[in-house]
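Residue numbers begin at 1 in each chain, while the letters A, B, ... track the order of the sequences. What you see is a predicted model, and the numbers here were worked out from it, not measured in a lab.
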Amino acid sequence: MESVYILVGRRGNGEILVEVLNDSGVTLGPARPVSAHDFPSLVRHEELGSPRWVWEDTASIYPVLLEAGVRVERAHDLRLCHAILRHSVLTAASELARSEPSRWDAALAFVAESRDPGATLFELLGDDIDADGDGDGHGDAGFADLAAEFRSQLAAVAETEEPGRLRLLLAAESAGALIAAEMRFAGLPWRTDVHDELLTRVLGPRVGPGVRPVLLEKLVGRIRLELDDPLVNPDSPPELTRALRRAGLAVTSTRAWELKELDHPVIEPLLEYKKLARLLSANGWYWMDTWIVDGRFHPEYLPGGVVTGRWATRGGGALQLPKQVRGAVVADSGWKLVVADAAQLEPRILAALSSDTAMADAGRGTDLYAGIVASGVVETRAHAKVAMLGAMYGATTGESGRLLPRLARAYPRALALTETAARAGERGDQVTTRLGRSSPPPGEAWYAAQSLASSEGAGDADERRARTQARDWGRFTRNFVVQGSAAEWALCWMAEIRRELRKLTAEVEAGAGADVGVGVGAGAVAGSAFASGSPSGDGGSVFADVPHLVFFLHDEVIVHTPEYLATRVATIIEEAAATAGRHLFGSFPVDFLLTVATVDNYGDAK
DNA sequence: TTATCTGGCGCG
DNA sequence: AAAGCGCGCCAGATAA
């Protein structure tokens, strides 16, 4: 079946243009203008034919559709896909990679920063968000530029030896962009009352800004007493270091792990203080007031925000939600959270990347580290873990370094892959993930340091610096291959989960004889950035009654689902992991084990 | 005063 | 036991 693409662009006057293309990017008819107001209904209608929407930036356009109650099944995000193809060594010979930098390169950062979730449809779709600076706006020429870019991307992929890989990567990256927008829109269910109780229990009652809660103040009192310093501020590392030294403790820093080694009565209250002060400043009442809107946490997810292809986030530190506060993530009444975590994802990815069947065997149907122990490679699970991490991160010393030779003997292919990636980085070469995302080349300064060291009259210091930098970059490329390929697996996993959840939704709605139209129509929730029509959060939104992804954390997802569907959701997530593994690694026999928990609150999921 | 850097720590 | 990858965010310190 031939794919149909619909290209979406805009004119300077706020009007939107849509044009149907075939799967070579060739126009099948004239571009049709549509007003910003009518755009969501057009999309809803065209969705019946399952097109792939081709647009510049999902993060700018899709929130508008969600707000209007419209979801789309598939997209091609020109901005994200360009970034991949521009830097991949697989497409280095393509026109796209060889042409002069254009707005697709220079303007990316600008577009990414210009988003505003509260912006109106007109602002998002009608405004000039191109940063080409030539002031000619976006007449039909701008639209033609989108079509040309799309064709250029298709051509770059088609020219590669195994186009299926990059095709999958671009589809996964684009699906990720849809998911990112949907997760932000839906938000993570968050009970501020539960959060407040938790804070009050460990810090004392809420106080204004600049005031220490009472339990924290008490700890400060004990610290000052034990250090015999009535004024020391434990929030100031220099002050604290001086005070500790005066008390006879030979510290080089105030880091918790260094303090833990010391035997002194101040250590216990000090470590406790650090823990609680961190909670207050990072996820205290101020955080709650700032980031929780109508019972939902709405961080902005940035697909491709990390060089390796991992996601970044902006706002609220969503990827660092401490375990301490996860109890405040509570399913709505009548709903459940299905929390799934890929167990030992990166070693499994490494086993598959390197076709190391022995390592894959160690993880078959069991905890991979336990499997390594069972194979007699090392004595304890902790050893297996630290040795594996050392192999993937490039440890040379300590316990990890000592255990590496045993790992290398048992799993030569896996270890050879990480070594090869490290050597490539040390030479300044790029490395590439399973699906084709390449590491950036090192910067000018790096090359300069290398050539300086090998030039006539280079000093010992020059050589040492060059060697250090080469090894540093080698550790980066060593890890890039594994972390980046794991990120690709996670994207495929999530895309598959999303697809199956939509099928489940359609099935349930058909079975119930319900009106299959989702959402409440354009404009019904205008004025709210997140479409929260009821106190429980999702009322009136496109996710009001259906299971949907609400959180993603590198190798972990959360689906918020009506309770009666929780079992089926868990099955979908399990099967999606196996499917993602096949998409990346074909028939190579590697398990991607999950731990899946159906819970009322995130804190209960281990 | 504001802008940027640093130490420290949360997550994977 | 604290090396070895990728991030974001905070308070305090320092530069401008």
Side-chain angles (χ1 to χ4, degrees), chain A residues 209-210 212 232-242 251-261 270-271 273-284 286-287 290-291 299-302 304-326 341-347 349-350 380 382-383 385-404 418-419 421-422 425 431 433 437 439-440 468 471-487 489-490 551-557 602:
Chain A
R212 278 203 187 95
V232 65
N233 173 13
D235 291 325
S236 162
E239 264 188 57
L240 185 57
T241 304
R242 279 193 294 272
V251 294
T252 60
S253 77
T254 65
R255 286 192 276 262
W257 63 260
E258 186 175 346
L259 299 179
K260 262 177 210 145
E261 303 307 305
L270 184 52
L271 290 175
Y273 175 84
K274 278 174 164 285
K275 209 169 103 180
L276 295 181
R278 166 81 191 185
L279 174 65
L280 175 64
S281 76
N283 298 98
Y286 181 76
W287 179 90
T290 306
W291 299 111
E300 182 180 9
Y301 295 89
L302 305 172
V306 178
V307 275
T308 57
R310 275 188 173 183
W311 289 14
T313 59
R314 197 150 52 193
L319 299 185
Q320 309 140 250
L321 269 192
K323 301 208 159 129
Q324 272 173 302
V325 304
R326 293 182 180 183
D341 176 301
Q344 307 95 40
L345 177 60
E346 293 195 348
I349 291 288
L350 173 58
T380 66
H383 281 176
K385 182 173 179 176
V386 77
M388 270 308 315
L389 293 178
M392 293 186 297
Y393 295 163
T396 51
T397 60
E399 184 154 51
S400 182
R402 280 197 301 280
L403 291 165
L404 274 177
T418 59
E419 285 305 312
V431 296
T433 59
R437 193 185 309 257
S439 64
T468 300
R471 283 186 184 149
D472 287 349
W473 199 256
R475 283 194 303 277
F476 165 62
T477 54
R478 170 198 294 272
N479 186 250
F480 183 96
V481 181
V482 178
Q483 187 183 119
S485 299
W489 179 90
F551 194 59
F552 171 55
L553 187 58
H554 306 314
D555 61 358
E556 181 176 348
V557 297
Y602 189 16

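- Among the heavy atoms of the strands lying under 4.0 Å from A:L321 are primed sugar atoms or P, OP1, OP2 only; no base atom is included.
- In this structure, A:Y286 places its OH atom 12 Å from C1' of C:dC9, rounding to the nearest Å.
- A:R326 comes within 4.0 angstrom of sugar-phosphate atoms only, judged by non-hydrogen atoms across all strands, and of no base.
- Side-chain contact check for A:Q483 and A:H554: no donor-acceptor pair (N or O, by modelled atom type) lies under 3.5 Å.
- One can place CG of A:L319 at 9 Å from P of C:dC9, the figure rounded to the nearest angstrom.
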Using a cutoff of under 3.5 Å, can you pull out all pairs of nitrogen or oxygen atoms linking the protein to nucleotides 13-16 of chain C, with atom names and distances?
from   : atom 1 : to     : atom 2 : distance (Å)
C:dA13 : OP1    : A:S236 : OG     : 2.6

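- Here the side chain of A:T241 pairs no donor or acceptor atom with the backbone of A:S253 at under 3.5 angstrom.
- The CZ-P distance, from A:R278 to C:dG8, rounds to 14 Å in whole Å.
- A heavy-atom distance below 4.5 Å is not found between the side chains of A:Q344 and A:M388.
- Of the candidate nucleotides B:dG8, C:dA3, C:dA11, C:dA3 has the atom lying nearest to any side-chain atom of A:T397.
- Side chain A:Q320 to base C:dG8: a donor-acceptor pair is found below 3.5 Å.
- Looking only at distances, a side-chain donor or acceptor of A:E258 sits under 3.5 Å from a matching main-chain atom of A:T252.
- Side-chain N/O atoms of A:R310 and base N/O atoms of C:dC7 include no donor-acceptor pair closer than 3.5 Å.
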